[in-house]
Novice: 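If you scroll down you'll find the structure; I have some questions about it.
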Amino acid sequence: MPKETRQLPTPNLEKSFEPQTFEGKLYAFWNENGCFDSYDESLPGQKSFSMVIPPPNVTGVLHMGHALTNTIQDILVRWQRMKGANTLWLPGTDHAGIATQTQVEKAIAKEGKGPTGRPLTRHDLGREKFLERTWKWKEDHAGQISNQLKRLGSSLDWKRERFTMDEGLSKAVREVFVRLYKEGLIYRGERIINWCPRCQTALSDLEVIPTDRKGKLWNIRYEIVDGEQVIGSVVIATTRPETMLGDTAIAVHPEDERYTAFHGKEARLPLMGRKIPVIVDAYVDREFGTGALKITPAHDFNDYDLGVKHKLPFISVMGKDGKITSEGGAYADLKFAEARDKVVADLEAAGVLVKVEDHANKVGLCQRCETVAEPLLSKQWFVKIQPLADPAIDAVKTGKIEFRPKAWEKTYFEWMNNIRDWCISRQLWWGHQIPAWHCPKCEHIEVALHDPSKCPSCGTSLDASNRDEDVLDTWFSSALWPFSTMGWPEQTQALKTFYPTSILETGFDIIFFWVARMIMMGIHFMGKVPFERVYLHAMVRDEKGEKMSKSKGNVIDPLTVIDQHGADPLRFTLASMAGQGRDIKLSVDRVESDRAFANKIWNATKYFHLQWNEEGSAVTMPKEGVTEWLKSREKKLHPINRWILGEVNATAREVDRALEAFELNEAANRLYQFGWLEFCDWYIEFSKQNLRKGGELRLETLYTLRYSLETFLKALHPIMPFVTEELWQSLPGISAHQFPLREKNGAPPVLTLMLQEFPKGEDFSLSEKSAAQVRIQKRFIEAIRNFRGENQLSPKKEFAVRVKAKSGSEEFVEVVRSNDSDLKSMTRLTSIEVLGALAAPGDTDALIALSEFSVDLWIDLKGLVDVEEERKRLEKEMAKAESDLNHSRGKLAKPSFVEKAPPELIEKERAAERVALEKIESLKKAVERLQALK
RNA sequence: UGGAGCGUAGCUCAGUGGCAGAGCGCCGCCUUCACACGGCGGAUGUCGUAGGUUCAACCCCUAUCGCUCCAACCA
């Protein structure tokens with residue numbers, strides 16, 4: 001028994017485009033009727049098209065960047081869906097470790113005071129309670145971002161929504177961790193890492209943002225000793241004097257003659273007194289500063305490498321708590337900043353501070369809280385990255401994955417080739433806790449899929465308290481997103497159908513954080529790349545090109561824009577700007593003009609209804625359907641109708657091609673051009689003439705309007721889903737299209753535009769003859785309008801025009817003759833008289849020279865036009881014609897051009913020359929007549 | 001320091017080896033029977049600068065200036 005078609009009541013179109021009145025209703029209708037559904041299995045031979053959303057922060061708020069990426073993705077998925085693919089666009093959110101934890105910490109800090117009167121911290125609550133709070137926070141906020149995505153019109157398959165910390169994904173994370181550990185690709189070690197003293201956690205290299213700071217360069221004298229004897233001294237510059245407490249060597253360049261005598265000797269570390277070796281290494285830049293370098297292996301990345309290379313001791317003087325450690329002697333327990341002041345003062349007192357200079361340098365700030373991150377030694381978990389990076393580099397090199405724009409591949413290679421091991425442990429509570437247990441007795445570390453109850457090495461019983469306290473970097477779970485969301489590690493049907501995903505669309509700012517890591521994990525665990533194409537969009541900035549930020553107050557909130565103008569105009573604006581390389585400078589003005597476009601289409605549809613339902617002569621749909629009806633008469637159709645049928649199909653084809661090529665801006669521009677300029681400005685105006693004539697021509701024109709409008713709405717739907725749906729719903733004779741896959745899965749037919757077939761562009765092809773006829777009519781009309789405009793003649797002023805035919809003007813004359821009444825009515829001419837080649841203009845005739853058609857138009861000026869104005873117009877025309885002539889002659893005069901240029905081009909140039917000559921001749925005579933008049 | 005991108009009409013941006021385009025803004029005229037979120041007409045550019053390749057360059061090449069971003073970094 002066939003299911004009943006789901007449908008909306010036919011809308012009554014408001015006076016103008018008012019998006020608030022229908023957007024919500026339409027989204028709910030689509031969603032409730034399963035229009036966004038994907039199916040685990042495609043039909044044999046059917047294409048699958050899948051994308052995963054870049055998961056926004058679960059407690060986040062939609063910003064313009066989200067609006068852009070989701071608009072682009074929604075356009076692609078709607079288009080593919082209409083083309084019949086089994087489309088999956090998978091929604092979900094990210095737990096966003098540090099960001100979310102920080103939000104909750106702030107909330108509890110506001111709530112109350114701890115035991116000593118300071119604000120509450122997560123430690124006052126304890127891990128378990130704090131996590132409960134965070135889960136609740138997540139539940140309270142999670143709906144927000146999803147609802148905002150719905151406001152945009154995103155056709156996400158909500159039934160498959162995922163969260164990085166839900167059960168399935170957590171299982172995948174654990175599986176990956178355990179497997180990488182067993183493969184030796186995850187290890188735990190004491191390394192130098194970036195530490196945020198405020199967040200109290202390790203950070204990956206990527207989470208530290210180098211920032212320009214005005215600093216100082218302190219020059220410190222180190223004595224060089226041989227045994228106990230002082231043999232000289234070296235001055236060393238540093239931007240971080242407090243780190244000297246942890247110096248374990250000084251380094252000079254091996255070939256630096258100034259210091260040759262000191263090779264193999266020792267330096268005495270000021271303030272601390274201990275002796276440290278002088279080492280030589282070509283790493284030292286002889287040109288910079290004094291050419292000598294102090295080495296603090298525990299607190300500087302470069303020094304760390306040198307420390308490892310030269311087997312130096314590592315002395316940690318700076319602690320995770322932001323204070324100097326006990327290794328710092330007299331400075332212990334001072335905060336870093338205090339320690340710096342005291343060290344500098346003491347150095348000065350000791351007379352070893354040689355000078356202090358201003359110096360611009362960079363410090364690394366924590367991406368989340370902008371605290372200065374300190375490099376320090378710490379025991380952390382790492383991913384050994386090279387074995388994962390190599391195949392990932394290869395995948396892009398061999399074209400298994402393609403980046404667009406292509407230039408980003410270089411950026412990708414650059415980073416991947418210099419990649420460092422990835423520090424994945426975070427000293428946070430919100431996240432995936434590392435599945436490792438530390439045996440308190442034998443110190444064995446057990447990493448396991450299932451919580452162990454005792455140490456497999458010594459049998460000591462283990463419980464939750466023995467579990468490693470750290471959680472994983474948020475990006476660790478994001479890296480698995482394309483397959484963890486589809487049920488991995490189970491071998492699900494969804495994975496078979498939808499992995500690899502078709503396209504990954506995201507911002508270039510997370511190529512390293514996310515894209516690269518997904519590629520590595522995808523290849524390693526799935527044996528296949530996670531996506532075939534990476535489409536990187538630009539950064540949305542304000543109209544001045546500045547990054548939008550709350551502190552600058554220049555944020556354009558997508559939801560406000562949607563409230564004011566609707567989702568469609570915003571989407572259209574974003575789509576037409578999506579082609580831009582790096583920056584999208586968004587202005588609300590632009591959205592407003594795209595709103596005008598929506599309004600234009602709205603009114604064009606209203607025009608259609610007005611004509612279709614004209615009182616007393618309501619039309620019915622032909623039983624074979626409009627397309628068939630028109631198709632069967634194609635060759636006999638009125639040229640204007642044939643022309644627009646060809647145009648709308650050409651537009652649909654072009655939109656399809658542009659989307660295939662990721663040229664969203666091109667698709668948007670095409671639709672705009674067609675919709676406004678061809679359809680509204682020309683076709684509708686022409687149609688008014690034909691509708692008036694009644695009979696078969698009226699019917700034919702109504703069907704042509706109906707067909708063109710529907711085809712256009714279909715082609716526009718991916719970019720402007722709401723307004724196109726609302727308008728389509730109003731059309732007479734629409735019917736539900738049921739894709740075979742939906743039918744097979746028992747989905748009911750839904751009367752919706754979003755499940756219509758995307759126009760193939762094959763129904764009608766452009767007829768050159770009709771197009772030429774329309775061109776002539778347009779040109780004629782434009783010429784008259786231009787004459788009016790330039791002479792500031794009121795549109796109401798009527799006059800007659802005479803057409804002087806010359807040889808070669810047969811087609812023009814024929815078109816003007818056979819469309820006499822239409823042309824008169826559209827230009828408000830009293831008559832159009834065609835004259836023979838021998839006719840001469842009257843004494844007071846003005847001239848419009850349409851030389852490209854070998855035609856002169858004459859208009860009697862008497863009582864019509866100011867002679868002076870007309871003379872100006874003619875002179876302007878003349879100047880243009882002369883410059884055209886010069887241009888053509890200049891080219892043709894060059895023998896090299898005539899010899900080497902392609903013949904068709906030479907012919908074109910000769911024709912242009914003839915046209916210009918003819919025009920000049922006509923214009924000359926006209927000017928002469930005007931002179932005589934004066 | 002390395003890599004990338006950009007520099008076209010007042011503004012925001014398209015663009016193609018063969019006489020420069022759009023939107024907004026601007027200037028006229030028009031409330032004409034889909035639309036004033038409208039119609040019609042108009043003005044505006046040595047296409048960053050200097051060379052080169054080519055019959056022909058805004059487009060290709062080289063250099064140069066300016067802006068932006070990314071990566072690395074000098075202690």
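Labels below follow one simple rule: chain letters A, B, ... track the order of the sequence lines, proteins then strands, and each chain is numbered from 1.
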Novice: Would you measure the distance from the P atom in rG15(B) across to the matching atom in rG51(B) and give it in whole Å?
Specialist: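 28 Å, rounded to whole Å.
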
Novice: Starting at CG of L793(A) and ending at P of rU32(B), how long is that distance when rounded to a whole Å?
Specialist: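 For the pair L793(A) CG and rU32(B) P, the rounded distance is 19 Å.
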
Novice: Heavy-atom nearest nucleotide on RNA chain B for E685(A) versus R788(A): which residue maps closer to 5'?
Specialist: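 Nearest-nucleotide comparison on RNA chain B picks E685(A).
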
Novice: Quick check on rG42(B): is either OP1 or OP2 less than 4.0 Å from any side-chain nitrogen or oxygen of N786(A)?
Specialist: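 Indeed, a polar side-chain atom of N786(A) lies that close.
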
Novice: Measuring only the C1' atom in each nucleotide, how far is rA63(B) from rC24(B)? A whole number of Å is fine.
Specialist: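 That atom pair is separated by 37 Å.
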
Novice: Write down the partner of rA43(B) under the Watson-Crick or G-U wobble criteria, each distance required to be under 3.5 Å.
Specialist: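 Here rA43(B) is not engaged in any pair, so there is no nucleotide opposite it.
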
Novice: For the ring pair F787(A) and F799(A), is the centre-to-centre distance below 6.0 Å?
Specialist: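 Ring-ring flag for F787(A)/F799(A): true, centres closer than 6.0 Å.
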
Novice: Heavy atoms from C-beta onward define the side chain here; which of rC37(B), rA34(B), rC19(B) lies closest to that of R595(A)?
Specialist: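 In terms of side-chain proximity for R595(A), the closest of rC37(B), rA34(B), rC19(B) is rC37(B).
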
Novice: Would you please confirm or rule out a distance under 4.0 Å between OP1 or OP2 of rG39(B) and any side-chain N or O of W676(A)?
Specialist: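 Checking W676(A) against rG39(B): at least one side-chain N or O falls below 4.0 Å of OP1 or OP2.
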
Novice: Provide the distance between the two C1' atoms, one in rG17(B) and one in rC29(B), to the nearest whole Å.
Specialist: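 Nearest-Å result for rG17(B) against rC29(B) at atom C1': 41 Å.
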
Novice: Where the side chain of K410(A) is defined as all heavy atoms beyond and including C-beta, which of rA34(B), rA4(B), rG42(B) is the nearest nucleotide?
Specialist: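 Nucleotide nearest to K410(A)'s side chain: rA4(B).
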
Novice: Between rG48(B) and rA20(B), how many Å separate the two P atoms, rounded to a whole number?
Specialist: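 It comes out at 14 Å once rounded to the nearest Å.
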
Novice: For nucleotides rA75(B) and rG5(B), find the distance between their C1' atoms and express it as a whole number of Å.
Specialist: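 rA75(B) and rG5(B) have their C1' atoms separated by 32 Å.
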
Novice: K796(A) side chain N/O closer than 4.0 Å to the phosphate oxygens (OP1, OP2) of rC29(B)?
Specialist: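 The answer is no; no side-chain N or O of K796(A) sits under 4.0 Å from OP1 or OP2.
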
Novice: For residues Y607(A) and S687(A), is any side-chain donor paired with an opposing acceptor at under 3.5 Å?
Specialist: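 Their side chains do contain a donor-acceptor pair, which is all the 3.5 Å distance test asks for.
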
Novice: Just how far, in rounded Å, is P of rA4(B) from CE of M539(A)?
Specialist: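 Taking CE of M539(A) and P of rA4(B), I get 20 Å after rounding.
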
Novice: Considering all heavy atoms of both residues, which atom of V234(A) and which atom of A292(A) are nearest to each other, and what is their separation?
Specialist: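 Distance-wise, the nearest heavy atoms are CG1-CB, 3.3 Å.
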
Novice: Do the two ring centres, one from F22(A) and one from W602(A), sit under 6.0 Å apart?
Specialist: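 Centroid distance F22(A)-W602(A): below 6.0 Å, so yes.
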
Novice: Which one, rA4(B), rC19(B), rA75(B), comes nearest to the side chain of D285(A)?
Specialist: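 In terms of side-chain proximity for D285(A), the closest of rA4(B), rC19(B), rA75(B) is rA75(B).
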
Novice: Hey, which sits more toward the 5' end of RNA chain B by its nearest nucleotide, F897(A) or D589(A)?
Specialist: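 Here D589(A) is the residue nearer the 5' end.
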
Novice: Would you measure the distance from the C1' atom in rC58(B) across to the matching atom in rA4(B) and give it in whole Å?
Specialist: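 Going atom to atom, C1' in each nucleotide, I get 22 Å.
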
Novice: From NZ of K406(A) over to P of rG3(B), roughly how many Å is that when rounded to an integer?
Specialist: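 Atom NZ in K406(A) sits about 20 Å away from atom P in rG3(B).
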
Novice: Is any side-chain N or O of S16(A) under 3.5 Å from a base N or O of rC37(B), one able to act as donor and the other as acceptor?
Specialist: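 Under the 3.5 Å cut-off, the side chain and the base do form a donor-acceptor pair.
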
Novice: When the C1' atoms of rG39(B) and rU31(B) are compared, how many Å lie between them, rounded to an integer?
Specialist: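 Roughly 10 Å separates the two C1' atoms.
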
Novice: Take the protein atom OH of Y683(A) and the nucleotide atom C1' of rA34(B), then report the distance between them rounded to whole Å.
Specialist: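 Taking atom C1' of rA34(B) as the reference, OH of Y683(A) is at 14 Å.
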
Novice: Side-chain N or O of N302(A) less than 4.0 angstrom from OP1 or OP2 on rC74(B)?
Specialist: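 Looking at the OP1 and OP2 atoms of rC74(B), one of them is under 4.0 Å from a side-chain N or O of N302(A).
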
Novice: Among the nucleotides rG23(B), rA34(B), rC30(B), which one has an atom lying closest to any side-chain atom of K606(A)?
Specialist: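 Within the option list, the nearest is rA34(B).
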
Novice: Is the positively charged end of R706(A) above the ring of W612(A), judged by distance under 6.0 angstrom from the centroid and angle within 45° of the axis?
Specialist: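 No cation-pi geometry.
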
Novice: Going by ring pair (Phe, Tyr, Trp, His ring centres under 6.0 Å), name the residues that satisfy it together with F686(A), two or more places apart in sequence or in a different chain.
Specialist: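 With sequence neighbours excluded, F686(A) shows a ring pair (Phe, Tyr, Trp, His ring centres under 6.0 Å) to W682(A), given in chain and number order.
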
Novice: When you compare rC30(B) with rG18(B), how far apart are their C1' atoms, in angstrom units rounded to a whole number?
Specialist: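 These two C1' atoms come out 40 Å apart once rounded.
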
Novice: Please check the phosphate of rC11(B) (OP1 and OP2 only) for any side-chain N or O of K585(A) closer than 4.0 Å.
Specialist: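 No, outside the criterion.
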
Novice: Would the base of rC35(B) count as contacting K600(A) through its side chain, where contact means a donor and an acceptor less than 3.5 Å apart?
Specialist: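 Yes.
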
Novice: Side chain of L610(A) only, heavy atoms from C-beta on: which candidate in rC24(B), rG28(B), rA34(B) is closest?
Specialist: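 Nearest to the side-chain atoms of L610(A), counting from C-beta on, is rA34(B).
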
Novice: Specify the separation, in whole Å, of atom OH of Y607(A) and atom P of rA34(B).
Specialist: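 Y607(A) atom OH is separated from rA34(B) atom P by 7 Å.
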
Novice: Run R871(A) and E868(A) through salt bridge (charged side-chain N to carboxylate O under 4.0 Å, His left out) and show every step you take.
Specialist: CA-CA 5 Å; R871(A) 196 182 55 79; E868(A) 192 51 27; 2.5 Å; yes

Novice: I want to check one thing: is the phosphate of rC19(B), taken as OP1 and OP2, less than 4.0 Å away from some side-chain N or O of K908(A)?
Specialist: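 So the side-chain polar atoms of K908(A) do come within 4.0 Å of the phosphate oxygens OP1 or OP2 of rC19(B), strictly under.
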
